[in-house]
Amino acid sequence: MKICVIGCGYVGLVSATCFAECGLDVICVDNNAAKIDLLLEGQVPFYEPYLEDLIKKNVDCNSLLFSKDLNAHIADVDAIFLAVGTPMQSDGKADLQYIYSAVEGIRNQLKGYTLIIVKSTVPIGTGDEIERTLLKSVAKENFDVVSNPEFLREGSAISDFMTPDRILVGCENDNSDKIMRDIYASLIANNIPYIKMKRRSAEMAKYAANSFLAMKVSFINEIADLCEATNANVKEVSKAIGYDKRIGNSFLEPGPGYGGSCFPKDVSALINIAHEHGSELRIIEGVKASNNRRKDLLSNRIIKKIKIGNNGDVVSILGVSFKAGTDDVRESPSLSIISNLIDSGVNVKVYDPRAIENYHKIMPDVRTCITLDEAISGADVIVILTEWDEFKNISLSSLKNKMKGNKIFDYRNIFNPETMNKLGFEYYCLGS
Ligand code: UGA
């Protein structure tokens, strides 16, 4: 089976590599020439654990090819995955320009029957629209459009792809279902559930899944605040409710708010989709508002407790990526929190083991540190925003010695409050 994946972002590149690993012949195409050049040199345009080695392995055995030239490959592939970005527009809707430009790019090049598979997260009904566009130049019997949303997470993308909770396929006929089962044959053989449904349901399920998970995160963040006010402990509460199988124990870690390229975008897009259909998603609107408010709330907690001004405290921020395991800073809570601190006159320096370059590109004027040691040395206050192992493994006694002050705001709950207090830190964490 020969497939083409259009788009070399997190989803496209990881999917293409994993499909090659599963035994398919894969051509991965992107119109960003610099990205393809990098990949052809054996480099990966972003940080994702184990991806570079897996790409190399599959390129070396010719199962994975990279190309800038879509037209050169389309005619002889069995299936084309659309895995381009669908970023958030300023009005909160999903921007589908990359989807439709990819569809325009292929619609006059298809030869024989080709299955078009939408992996990007797209509003409900986009599959129908793609079908209408293709029908302008391709005979009905020569293609089908399938929705196959992806559920991989950044930072654990390869294992998420190879051992997903389910493979979701939205298709309208048996032939496309059969091809999808062939594409995923090796995962299905490993007992991964394959769930077939209406195309529109699959499109909706992706938004519903991300919004539900965002809701879980916002829920536990609000419960954490209430635990602080009532002298309960959110770790214990998360454990207690997580044991209930109906609730489940994942996505119940309080933090500085959800970020990344998916939850904020998909929550906003779903709210817009509802409005377009004359419907209201009050819970999801509440999730969005709660997550936005959280960043101000957590910035204000710091501002209230520190010295600001010319001889004010030096605040060292540990972690800018939206979570550990990635160099991605898109919609990271750190962006708003750091900007809030700076706008209030706080003297800030910032460190991240992987994401500092990406942060510097968008916030070039903020002082950045190259090493953790540089970040903690002389700091009056430390604010932990990402749960990197490098921070978890820090020697607390040397942290104490190197800091000038003793305040720690741990917004990922990576330390034990009793230990921190015993060591003489003024320690603020979430939910206790
Ligand atoms: C998310 C979904 O989890 C994936 O299933 C989906 O495929 C992906 O979006 C997508 O649509 O492409 P991702 O954005 O990589 O994946 O990140 P998550 O691991 O889901 O975390 C999202 C945010 O929630 C992060 O800011 C994280 O720190 C926060 N979070 C998560 C918490 O604050 N607490 C938790 O308990 C879990």
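Because the structure is predicted, anything quoted here is derived from the model rather than measured. Throughout, numbering of the chain's residues begins at 1 and tracks the sequence. We count ligands from 1, going down the list as the structure has it; atoms in each ligand are counted the same way.
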- Which protein non-hydrogen atom lies closest to atom 30 (N) of ligand 1, naming both residue and atom, and how far is it? V217 CG2, 3.8 Å
- Show the numbers, then the answer: is there a side chain to side chain contact (heavy atoms under 4.5 Å, CB included) between V26 and L65? CA-CA 6 Å; V26 185; L65 261 177; over 6 Å; no
- Where at least one partner belongs to residues 185-194, residue pairs that pass side-chain hydrogen bond (donor to acceptor under 3.5 Å, both in side chains), sequence neighbours excluded: D177-Y194
- With heavy atoms and a 4.0 Å threshold, my read on which part of T121 contacts ligand 1 is neither
- Query: For ligand 1, is any non-hydrogen atom under 4.0 Å from F263's backbone (N, CA, C, O), its side chain (CB onward), both, or neither?
  - Reply: side chain
- Message: For D30 and K68: C-alpha separation, side-chain torsions, deciding distance, then whether side chain to side chain contact (heavy atoms under 4.5 Å, CB included) applies.
- Response: CA-CA 6 Å; D30 201 296; K68 299 165 202 169; over 6 Å; no
- Please write down residue, atom name and distance for the protein heavy atom closest to atom 24 (O) of ligand 1. Y258 CB, 3.5 Å
- among protein heavy atoms, the one nearest atom 5 (O) of ligand 1 is F151 O, 2.7 Å
- Task: Determine whether any heavy atom of K206 lies closer than 4.0 Å to an atom of ligand 1.
- Result: yes
- Quick one: side chain to side chain contact (heavy atoms under 4.5 Å, CB included) partners of N300, sequence neighbours excluded? I303
- Note on the structure: Given the options Y50, Y10, F19, F161 meets ring-ring contact (aromatic ring centres under 6.0 Å, His included) only with F19
- Query: Should one rank E253, K323, K216 by closest heavy-atom distance to atom 19 (O) of ligand 1, which comes out on top?
  - Reply: K323
- Message: What I want to find out is whether R330 reaches E154 closely enough, with some N-O distance under 4.0 Å, to be called a salt bridge.
- Response: yes
- Item | Nitrogen or oxygen atoms of L213 and ligand 1 under 3.5 Å apart | no
- Message: I'd like the name of whichever of Y10, F251, Y207, F322 reaches closest to atom 20 (O) of ligand 1 through any heavy atom.
- Response: F251
- Query: Among protein heavy atoms, which sits nearest to atom 15 (O) of ligand 1, and what does the distance come to when rounded to 0.1 Å?
  - Reply: E154 N, 2.8 Å
- Just jot down the ligand 1 atoms closer than 4.0 angstrom to any heavy atom of C262, in number order. 8 (C), 9 (O), 10 (C), 11 (O), 12 (O), 14 (O)
- Query: In the protein, which heavy atom is nearest to atom 3 (O) of ligand 1, and how far is it?
  - Reply: R153 CG, 3.3 Å
- Message: Quick check on contacts: which atoms of ligand 1 are under 4.0 angstrom from a heavy atom of E150?
- Response: 7 (O)
- Item | Closest candidate by heavy atom, reference atom 8 (C) of ligand 1, pool D266, D160, T86, L152 | L152
- Message: Could you check whether K206 makes a cation-pi contact with F151, meaning its NZ or CZ is under 6.0 Å from the centre of the six-membered ring and within 45° of the ring axis?
- Response: yes
- Is R412 touching ligand 1 with its side chain, its backbone, both, or neither, if touching means heavy atoms under 4.0 Å apart? side chain
- Query: Do K349 side-chain atoms and A375 backbone N/O form a donor-acceptor pair below 3.5 Å?
  - Reply: yes
- Task: Go through the side-chain N and O atoms of K288 and S268 and say whether any donor and acceptor fall under 3.5 Å apart.
- Result: yes
- Interatomic distance, CD1@I80 vs CZ@F143, rounded to 0.5 Å, equals 11.5 Å
